[in-house]
Participant: 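One structure is given below, represented as structure tokens, and several questions about it will come after.
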2 protein chains.
Amino acid sequence: MSRRAETTELAVLGLLDESPMHGYELRKRLNLMLGWGRVLSYGSLYPTLKRMLRASLIEEEVVSPLPATRRLRIVYRLTDDGRAQFARAMSEVGPTAWEDESFGVRFSFFSRTDLESRLRVLEGRRTRLQERLERVQTQLERTQKEVDRYAEELQRHGMESVEREVRWLSDLISAERNGTPMPRDEQTTRETGSSTTATTTGES
Amino acid sequence: MSRRAETTELAVLGLLDESPMHGYELRKRLNLMLGWGRVLSYGSLYPTLKRMLRASLIEEEVVSPLPATRRLRIVYRLTDDGRAQFARAMSEVGPTAWEDESFGVRFSFFSRTDLESRLRVLEGRRTRLQERLERVQTQLERTQKEVDRYAEELQRHGMESVEREVRWLSDLISAERNGTPMPRDEQTTRETGSSTTATTTGES
DNA sequence: GTTAGCATGTAAGGAGTTACATGATTTT
DNA sequence: AAAATCATGTAACTCCTTACATGCTAAC
């Protein structure tokens with residue numbers, strides 16, 4: 001019903017689409033998946049699960065694990081609605097799809113989407129990063145007077161990181177287009193011919 | 001009074017410590033500084049300023065800009081309390097100091113701290129990143145069975161980014177220790193001898 | 001003339017965290 | 001014997017975003 005993108009929910013849908021799981025395990029997988037940003041807390045996960053339950057996206061089943069003395073586990077499983085919702089969310093590529101968190105989650109589930117959606121997400125993200133680079137560069141030119149050494153160094157490092165991600169995305173995009181699903185080469189980081197900053201690489 | 005680290009507040013203190021400014025300009029500088037993560041909205045900045053005003057960290061002065069038809073601007077200036085608070089916050093290097101956002105802000109203001117504080121922040125951040133790497137690596141080894149191609153590629157890219165930042169930090173740390181304030185060389189990214197992942201580089 | 005930038009704010013709401021509550025089991 | 005991990009949850013709170021409200025000025 002609600003068209004809220006809500007990254008956590010998408011992640012849960014995707015993980016449960018692979019296989020049913022209980023909350024604790026879900027959190028572990030989630031943290032591994034998002035890993036490099038936030039670490040999701042129970043105070044966030046459990047209420048999300050309850051909400052999804054109310055929305056009939058998932059169903060619960062209480063399971064008593066074999067050494068029966070252990071705490072009960074509640075295993076969650078996708079409903080047909082949930083599965084449909086996941087498919088819809090993955091193909092509806094809106095501008096939220098290229099935000100840091102959301103991008104990571106979508107990327108993780110790329111195997112379960114079609115080429116077209118993948119390309120739209122990859123290209124959308126790349127465009128967004130390139131815009132960020134341009135904006136920061138023009139702003140730096142205007143404010144160039146008082147440049148603190150450290151502030152500048154941080155800026156430089158940030159830019160390099162973003163440029164690196166742009167190259168990574170460009171490599172992935174070519175790989176997708178060539179039908180080569182993944183650059184099987186570890187040296188993705190080298191100069192790949194993709195001009196780092198300037199190219200606007202107009203999309204389809 | 002409140003010992004809340006609150007990154008936004010620290011950033012405002014630091015910027016106003018450089019020179020008085022009005023809200024709009026503050027936001028621009030803030031966005032340039034944090035730039036690569038969030039972009040701060042007015043709905044966040046103005047209430048923060050009001051709060052800091054109530055806490056007597058800053059003072060306001062209404063200024064009518066020269067083409068008098070323009071909107072009034074409210075210029076904020078640090079009080080002595082505010083200046084003291086900034087100095088205290090910058091030297092009190094707690095574990096929050098190596099969180100992404102907070103780290104960036106502190107780093108930007110490094111010129112206004114002593115060598116010791118700088119080293120503690122840099123080393124703290126490096127240790128934290130190395131812990132993250134180790135945790136993810138051990139977890140990957142345990143969950144290694146069902147490795148989705150895309151999920152794995154994202155993981156790999158994330159790891160490389162973090163390793164890159166660790167090298168960057170290591171270079172900065174050596175530079176600080178050698179009295180060379182900054183690696184004036186652009187090729188910081190190359191192999192610098194700093195072993196990427198394994199070294200725990202026990203701190204002082 | 002219309003878009004972008006200048007300039008300050010408020011109200012409602014979203015997404016998540018920390019701390020609390022509880023307790024068994026496995027590893028070191 | 002202590003520490004980590006398994007396991008589920010709630011209440012209070014924080015920080016931030018979006019949308020609204022208002023209006024002028026510079027650049028294209």
Side-chain angles (χ1 to χ4, degrees), chain A residues 2-12 21-31 34 37-53 60-76 95-96 99-102 105 131 135 138-139 142-143, chain B residues 2-12 21-32 34 37-53 60-76 95-96 99-102 105 135 138-139 142-143:
Chain A
S2 60
R3 162 198 314 58
R4 265 183 279 111
E6 229 222 295
T7 310
T8 307
E9 193 175 299
L10 181 62
V12 170
M21 248 175 273
H22 59 280
Y24 190 89
E25 200 185 339
L26 216 33
R27 194 187 91 124
K28 268 198 313 181
R29 304 275 317 259
L30 237 34
N31 286 168
L34 313 167
R38 276 309 92 206
V39 188
L40 201 74
S41 65
Y42 295 121
S44 190
L45 175 61
Y46 286 119
T48 297
L49 287 171
K50 295 291 174 192
R51 185 163 39 74
M52 290 173 73
L53 205 58
E60 60 178 12
E61 183 191 356
V62 179
V63 171
S64 31
L66 274 192
T69 49
R70 281 187 148 238
R71 209 186 203 294
L72 292 178
R73 296 191 304 186
I74 298 173
V75 174
Y76 294 95
T96 44
E99 289 303 327
D100 292 328
E101 294 272 285
S102 181
V105 171
E131 281 166 5
R135 214 177 321 125
T138 48
Q139 274 189 302
R142 289 187 193 181
T143 331
Chain B
S2 60
R3 155 203 317 57
R4 263 182 281 108
E6 230 224 291
T7 309
T8 307
E9 192 175 299
L10 181 62
V12 170
M21 248 176 271
H22 59 278
Y24 190 87
E25 200 184 340
L26 217 33
R27 195 188 91 124
K28 268 198 312 182
R29 303 276 315 261
L30 237 35
N31 286 167
L32 192 58
L34 312 167
R38 275 311 92 207
V39 189
L40 202 73
S41 66
Y42 295 122
S44 190
L45 174 61
Y46 286 119
T48 297
L49 287 171
K50 295 292 175 192
R51 185 162 39 73
M52 291 173 73
L53 206 59
E60 62 178 11
E61 183 190 356
V62 179
V63 171
S64 33
L66 274 191
T69 49
R70 283 188 146 234
R71 208 188 203 291
L72 292 179
R73 296 192 303 185
I74 298 174
V75 174
Y76 294 96
T96 44
E99 288 304 325
D100 293 328
E101 293 272 285
S102 180
V105 172
R135 215 178 320 124
T138 50
Q139 273 190 303
R142 288 188 193 181
T143 331

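Note that this is a predicted model, so its numbers are computed, not measured. A note on names: the letters A, B, ... follow the listed sequences, proteins ahead of strands, and every chain is numbered from 1.
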Participant: Can V39(B) and L34(B) be said to form a side chain to side chain contact (heavy atoms under 4.5 Å, CB included), step by step?
Facilitator: CA-CA 7 Å; V39(B) 189; L34(B) 312 167; over 6 Å; no

Participant: Both conditions, 6.0 Å and 45 degrees, for the charged tip of R27(A) above the ring of Y42(A): are they met here?
Facilitator: yes

Participant: Among dA7(D), dG9(D), dC15(D), which is the nearest nucleotide to the side chain of H22(A)?
Facilitator: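 For the H22(A) side chain, the nearest candidate turns out to be dA7(D).
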
Participant: What nucleotide, of dT8(C), dT17(C), dG9(D), holds the atom closest to the side chain of Y76(A)?
Facilitator: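 The answer is dG9(D).
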
Participant: Could you check which of dA7(C), dG16(C), dT17(D) has an atom nearest any side-chain atom of S44(A)?
Facilitator: dG16(C)

Participant: Kindly point out which of dA7(C), dA15(C), dG9(D) is positioned nearest to the side chain of Y46(A)?
Facilitator: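 Closest nucleotide to the Y46(A) side chain: dG9(D).
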
Participant: The side chain of S41(B) lies closest to which of these nucleotides: dT17(D), dG9(C), dG5(C)?
Facilitator: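 Of the candidates, dT17(D) comes closest.
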
Participant: Would you indicate which nucleotide in dA7(C), dA15(C), dT10(C) comes nearest to any side-chain atom of Y24(B)?
Facilitator: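 Nearest to the side-chain atoms of Y24(B), counting from C-beta on, is dA7(C).
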
Participant: Rounded to whole Å, how long is the line connecting atom CD of E9(B) with atom P of dC15(D)?
Facilitator: 9 Å

Participant: Reading DNA chain C from 5' onward, which residue's closest nucleotide shows up sooner: K28(B) or E60(B)?
Facilitator: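 Looking at the nearest nucleotide for each, K28(B) comes out on the 5' side.
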
Participant: Can you tell me if Y42(A) touches the phosphate of dT8(D), counting only side-chain N or O atoms and a distance under 4.0 Å to OP1 or OP2?
Facilitator: no

Participant: Between dT22(D), dG9(C), dG9(D), spot the one nearest the side chain of R71(B), thanks.
Facilitator: dT22(D)

Participant: Hey, what do you get for CE (M21(B)) to CG (L49(B)), rounding to the nearest 0.5 Å?
Facilitator: 11.0 Å

Participant: Under 4.0 Å: is that the gap between some side-chain N or O of T8(B) and OP1 or OP2 of dC15(D)?
Facilitator: no

